[in-house]
Amino acid sequence: MAHDRFGGPEVLTLREDLPDPPVGPDTVLVRVHAAGVNPVDVAIREGALAGAYPHHFPIVPGWDVAGVVEAAGPAVTAFAAGDEVLGYVRRDDVQWGTTAELVPAPQRCLAHKPASLSFAEAAGLPLAGLTAYQALTEALDVGEGDRVLVHRAAGGVGFCAVQIAVALGAHVIGTASPRNHGFLRDAGVAEVFDYSAGPLSGQLSEPVDAVLDLVGGDTLADAPEQVRDPARIVSVVDPAVNGMGGRYVFVRPEHEHLEELGRMADAGQLRVPVARAFPLEQVREAQELVAGGHVRGKVVLTLT
């Protein structure tokens, strides 16, 4: 699957004429079983990231992958042919994505697939899980007893975040539509608020210790009133948070963090609900569903 220009879903076409991807000395070639679909895939297709990364057409979309190692470069030490892996395959340019039969991945982008997750579930974990993990552990330094507010808590990143925060010992508060309140309480969220019921600062009994913003806009603008210290506001959608004294987080590939997410999954602390799995040829429909912004859990593409 690839596109030769920026545009709507119609630019995506199933391609059988693309050459085999290059495999460098420290690169792992992965035979794909499933690939995650994320909002960033839509942004790339529309050209929204053209100013941030060099783009080379044709572009194969996708940054999340789960599959089996087909081959490993001579400098690779962590993986061997036959290993089951998952990965967040973001390079320094945009071309070789994960919605393909074979994906070249730098070894830093991969980890061993946790045994408790199917390939479809594993494909939904890397980007969302890493985003949540890096925001909570590095930027917010969440620890035992912290009151942590996660906005859009039932989405892909949000649901990973609430589970990780619970595992870290936090008192977790989430925002979601009423239909998702039970879903979040079952995951250990202590308090759930309806995001459409007005500013959260007016609903909280007291300010929280940390805020993870996954919405932006008015939600982020209200964040300084929701938290004790604005330095503990993180947004992954709007760099304007830096001007509030908080921190903007853009997820990065990290082998050790992926391995930790896998450990949490196998320990029963982290699950990945798959909202819907599409066959590869329905990538347009998958991206359109994700672009709608109201998915509970993850959307994935399956190749086997």
Side-chain angles (χ1 to χ4, degrees), residues 34-44 61-66 85-90 97-99 109-111 113-114 116-140 142 148 150-168 172 174-176 180 183-184 187-189 212-216 234-237 248-266 269-278 286-287 289-301:
V37 182
N38 295 289
V40 71
D41 302 334
V42 178
I44 288 171
W63 281 352
D64 275 346
V65 70
V85 295
L86 55 74
Y88 170 49
V89 189
R90 177 170 67 78
T98 57
T99 56
C109 298
L110 298 176
K113 183 181 82 66
S116 60
L117 299 184
S118 68
F119 281 107
E121 292 167 332
L125 177 60
L127 186 153
L130 284 175
T131 301
Y133 185 84
Q134 291 168 7
L136 291 170
T137 64
E138 295 184 337
L140 289 173
V142 169
V148 179
V150 179
H151 289 287
R152 192 171 281 167
V157 176
F159 194 61
C160 284
V162 298
Q163 294 177 91
I164 293 168
V166 168
L168 292 170
V172 182
T175 68
N180 288 321
F183 173 70
L184 292 174
V189 178
L212 176 56
D213 167 56
L214 306 174
V215 181
V234 160
S235 179
V236 305
V237 295
Y248 175 65
V249 169
F250 192 81
V251 60
R252 69 183 187 278
E254 188 73 57
H255 168 77
E256 289 79 9
H257 291 174
L258 283 170
E259 292 284 357
E260 175 62 13
L261 292 171
R263 185 203 64 76
M264 293 179 70
D266 281 342
Q269 297 174 314
L270 185 59
R271 59 188 176 93
V272 185
V274 175
R276 189 165 174 189
F278 291 85
Q287 286 197 5
L289 179 59
V290 168
H294 295 286
V295 178
R296 183 169 80 183
K298 294 296 300 183
V299 175
V300 301
L301 298 166

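We use all heavy atoms of the structure for the numbers below, so side chains are in, but hydrogens, waters and symmetry mates are not. Not measured: the values here are computed from a predicted model.
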(request) Could you please spell out the steps behind the side chain to side chain contact (heavy atoms under 4.5 Å, CB included) verdict for V148 and V162? (result) CA-CA 9 Å; V148 179; V162 298; over 6 Å; no
(message) To check you understand the geometry: which heavy-atom pair defines the closest contact between V166 and G188, and what is its length?
(response) CG2-O, 3.7 Å
(message) The criterion is ring pair (Phe, Tyr, Trp, His ring centres under 6.0 Å); which residues satisfy it with F119, sequence neighbours excluded?
(response) H33
(message) Please report the interatomic distance CZ(R296) to CZ(R276), rounded to the nearest 0.5 Å.
(response) 15.5 Å
(request) For A120 and V300, work out which heavy atoms get closest and say how close. (result) O-CG1, 3.5 Å
(message) What I'd like to find out is whether the side chain of V272 reaches to under 4.5 Å of the side chain of F159, using heavy atoms alone.
(response) no
(request) Working to the nearest 0.5 Å, report the span between CD1 of I44 and CG of N38. (result) 9.5 Å
(message) I'd like to check the salt bridge (Lys or Arg N to Asp or Glu O under 4.0 Å) partners of K298; sequence neighbours left out, ordered by chain and number.
(response) none
(request) With rounding to the nearest 0.5 Å, note down the distance linking CD in Q163 to CG in L184. (result) 9.5 Å
(message) Any non-hydrogen side-chain atom of V65 less than 4.5 Å from a side-chain atom of V85?
(response) no
(message) Check whether D213 reaches the backbone of G216 with its side chain - one donor and one acceptor, N or O, closer than 3.5 Å.
(response) yes
(request) For residues L258 and P253, determine if any side-chain heavy atom of one lies less than 4.5 Å from a side-chain heavy atom of the other. (result) no
(request) Could you give me the CA-CA distance, side-chain angles and deciding distance for L125 and L270, then say whether side chain to side chain contact (heavy atoms under 4.5 Å, CB included) is met? (result) CA-CA 10 Å; L125 177 60; L270 185 59; 3.8 Å; yes
(message) For the OG atom of S116 and the CD atom of Q269, what is their distance to the nearest 0.5 Å?
(response) 11.0 Å
(message) Quick check for you: to the nearest 0.5 Å, what is the distance between E260 atom CD and M264 atom CE?
(response) 6.5 Å
(message) So which atom in D64 and which in P126 form the shortest heavy-atom distance, rounded to 0.1 Å?
(response) OD1-CB, 3.3 Å
(request) State, to 0.1 Å, how close L110 and G87 come at their nearest heavy-atom pair, and which atoms those are. (result) CD2-CA, 3.7 Å
(message) Once rounded to the nearest 0.5 Å, what's the spacing between atom NZ of K113 and atom CG of D266?
(response) 8.5 Å
(message) How close do A161 and V150 get, counting heavy atoms only, and between which atoms?
(response) CB-CG1, 4.2 Å
Side-chain atoms of residues 131-140: list all donor-acceptor pairs with protein atoms under 3.5 Å, sequence neighbours left out, distances to 0.1 Å.
from : atom 1 : to   : atom 2 : distance (Å)
T131 : OG1    : L127 : O      : 2.7
Q134 : OE1    : R252 : N      : 3.2
Q134 : NE2    : R252 : O      : 3.0
Q134 : NE2    : H257 : ND1    : 3.3
T137 : OG1    : Y133 : O      : 2.7
E138 : OE1    : R252 : NH1    : 3.0
E138 : OE1    : R252 : NH2    : 3.3
E138 : OE2    : R252 : NH2    : 2.7

(request) Would you mind reporting whether V236 and V251 have side-chain heavy atoms less than 4.5 Å apart? (result) no
(message) Parallel, tilted or perpendicular: which one describes the rings of W63 and F250, with boundaries at 30° and 60°?
(response) perpendicular
(request) Locate the shortest heavy-atom distance separating P39 from V290; write the atom from each residue and the value. (result) N-CG1, 3.5 Å
